[in-house]
Amino acid sequence: MFHFHTDRHAYHTLLHNNAVQHIIPFIEKERVLSTHTRVLEIGSGDGGNLSAFLTLGCKAVGVELDANLVAFTREKLAGYVQNG
């Protein structure tokens, strides 16, 4: 078992960093991401991927069935949630 399996904040950071280092560069090979970009993540978990897109100014929405993960994401991304 890895440290991030028991630490929700560490797992969020791991997903965020993975999105910044791999997912976003992959997407940017085909399209420019900007404040006009809208992102929908189905099964968004704790919002780590969403936070990477939000830091770029994208509009991002996550869908997650696990109420505990939704609560964590709302807390972790509170500033973005409050600003729409």
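Side-chain atoms are counted along with the backbone in the values below, which use heavy atoms only and exclude waters and symmetry mates.
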Undergrad: Name all residues meeting the side-chain contact (heavy atoms from CB on, under 4.5 Å) criterion together with Leu65; count only those two or more places apart in sequence or in a different chain, and write none if there are none.
TA: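 With sequence neighbours excluded, Leu65 shows a side-chain contact (heavy atoms from CB on, under 4.5 Å) to no residue whatsoever.
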
Undergrad: Side-chain heavy atoms under 4.5 Å apart, restricted to Ile/Leu/Val/Met/Phe/Trp/Tyr: what other residues fall into the cluster of Leu54, or is it alone?
TA: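 Result for Leu54 is Leu50, Leu77, Tyr80.
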
Undergrad: For residues 55-70, which residue pairs qualify under side chain to side chain donor-acceptor pair (under 3.5 Å), counting only residues two or more places apart or in two chains?
TA: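 Qualifying pairs: none.
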
Undergrad: For Phe72, what are the other residues in its hydrophobic cluster, where any two members join if their side-chain heavy atoms are less than 4.5 angstrom apart?
TA: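 In the cluster with Phe72 there is nothing else; it is isolated.
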
Undergrad: Considering only residues two or more places apart or on different chains, which pairs with a residue in residues 37-56 satisfy ring-ring contact (aromatic ring centres under 6.0 Å, His included)?
TA: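 ring-ring contact (aromatic ring centres under 6.0 Å, His included) check on residues 37-56 returns no pairs.
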
Undergrad: Anything under 3.5 Å between a donor and an acceptor, one on a side chain of residues 24-39, the other on a protein residue two or more places apart or in another chain? List them.
TA:
unit_1	atom_1	unit_2	atom_2	d
Ser34	OG	His36	N	3.1
Thr37	OG1	Ser34	N	2.9
Thr37	OG1	Ser34	O	3.3

Undergrad: Quick one: name the residues clustered hydrophobically with Leu69, using the 4.5 Å side-chain heavy-atom rule over I, L, V, M, F, W, Y, and just say none if it's on its own.
TA: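 Cluster partners of Leu69: none, it stands alone.
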
Undergrad: Tabulate below the donor-acceptor pairs under 3.5 Å that side-chain atoms of residues 14-23 make, not counting sequence neighbours, or state none.
TA:
unit_1	atom_1	unit_2	atom_2	d
His16	ND1	Ser51	OG	2.6
His16	ND1	Ala52	N	3.2
Asn17	ND2	Thr13	O	3.4

Undergrad: What pairs meet the salt bridge (Lys or Arg N to Asp or Glu O under 4.0 Å) rule with one or both residues in residues 73-84, with sequence neighbours excluded?
TA: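 Qualifying pairs, neighbours excluded: none.
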
